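Every chain is numbered from 1 and lettered A, B, ... according to where its sequence line falls, protein lines coming before strand lines. All values reported here derive from a predicted model rather than from experimental measurement.
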Amino acid sequence: MYANEYLTGEAELAEYVRPRSLEEALAIAGRGAKPLAGCTDLFPATDRPALGGALLDLTGVEGLSGITRTDRGWRIGAVTRWAEVAGAALPPAFDGLRAAAREVGAIQIQNAGTVGGNLCNASPAADGVPPLLTLDARVELASAAGRREMALAEFVTGPRRTALAEGEILTAVIVPEPAGRGAFLKLGARSSLVISIVMAAGRIDVAGGRVAEAAFSVGACSPVAVRLPALEAALAGLPVAEAADRVEAGLVVPALSALSDLRAEAGYRAEASVVLIRRLVAGLTGGAA
Amino acid sequence: MTYVLNLTINGAAQAIALDDPRVTLLDLLRERLHLTGAKKGCDRGQCGACTVLVDGRRINSCLTLAVSLDGVEITTIEGLAEGETLHPVQQAFIEHDGFQCGFCTPGQIMSAVGLIGEGQAGTDPERIREGMSGNICRCGAYHGIVEAVLDAQATFQDGVKRKTA
């Protein structure tokens, strides 16, 4: 169960392994075991009888959990649970991420589900993605062959698709020291325990009464959550009092390629996105929408 | 291969041998250990009827791989009362009509115990509702549930005050 012999490749792969070291975990992942952590998405997304093959439980791996500050910014371990993110002492730029953490399912889910799982499962409605996009987050990936890093925006490539290679696991999210204050809003059929129809995250840094930097993202509308570069450029440099009024559909909707599905039609999503973004901008610049 | 799992369940240490590592905590509790208080409502983390405490934290046992919990302490509804004396949260649910058919009640009560333990809910009914939002009641006993949680929380705080006074 905690076998070191996986490192030499001699042991037969068990149906379930919970290694203590990253080195062992990577050796096991390299042999095709399915990585798991909180399991909050694994069970609903998999037919129980079809949960075949070897399972690699990452929850016992040392160094994969917790939030630390490094010389490169903040490091959120992949197995950090959403409840820890919600309660973490982080700068105001992370307020959007912390608000999103409190909207991941309900507390029972937040006590089990992890940041890394949210990203690797790559649901178009993953609550963690838009706020992390506005923080210019990067992901750290590791395999027995080595480590690499990429922007989160490149990591999620489609619905339930990521850039993870065979035998590779996500080990951490890296957020370079972010400026300003963040916020997050989620629109669902009820106020909690719900999959988003639309969600929006924003971060604004104000200097001298003007918008110095703006970062905005919309999720659950498109196959992959997107940043809104046209809106960000339009807001940059504006006096804060004028920012919310500057939000218009033309700066938001073209970036979305909004989808219709069982939760909402594309037109409704597009309209709701603009409303959520305007509220975020108003909140972040001190006005009311 | 057999997996041996060491758990403390409602205060009693147990070593459980698992032939299938894919069993959920809920199935282990109900089918193997005959602790049928935690209910299988939706079996996908949407109703909260299977809520139990793992090291004091609320989780959905239907979404939890039992084998990954080696070494933890689990509390289920069966572990709350002391003999014939109900736990204050159980007592409050009765006093405030916090249930009708009773199917969701074990999950509601475990969730309420977890919520009070988190110490974040305060006396604001809206925050109680938010904190209890992972537990669905099809009978709609929500009003009584919120009243029961507020009352039980006050009982605990009184107890703490008396102890520290």
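Under a 4.0 Å N-O distance rule, the pair B:E130/A:R102 does not qualify as a salt bridge.
Most heavy-atom pairs under 4.5 Å with chain A, from the set B:M132, B:R57, B:R129, B:E118: that is B:R57. Ranking B:C42, B:S68, B:G48, B:G114 against chain A, the residue ahead of the rest is B:S68, based on heavy-atom pairs under 4.5 Å.
Within the 4.5 angstrom heavy-atom criterion, only side-chain atoms of B:T51, from C-beta onward, approach chain A. Proximity to chain B (any heavy atom under 4.5 Å) is restricted, for A:D57, to the side chain, taken from C-beta onward.
Under a 3.5 Å cut-off, the side chain of B:E78 and the backbone N or O of B:G37 do form a donor-acceptor pair.
The two residues B:F156 and B:H87 have their closest heavy-atom pair at CZ-CE1, 3.6 Å.
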For a side chain to side chain donor-acceptor pair (under 3.5 Å) check, start with the C-alpha distance between B:R58 and B:S111, then their side-chain angles and the critical distance, and finish with the verdict. CA-CA 6 Å; B:R58 307 181 256 174; B:S111 197; 2.9 Å; yes

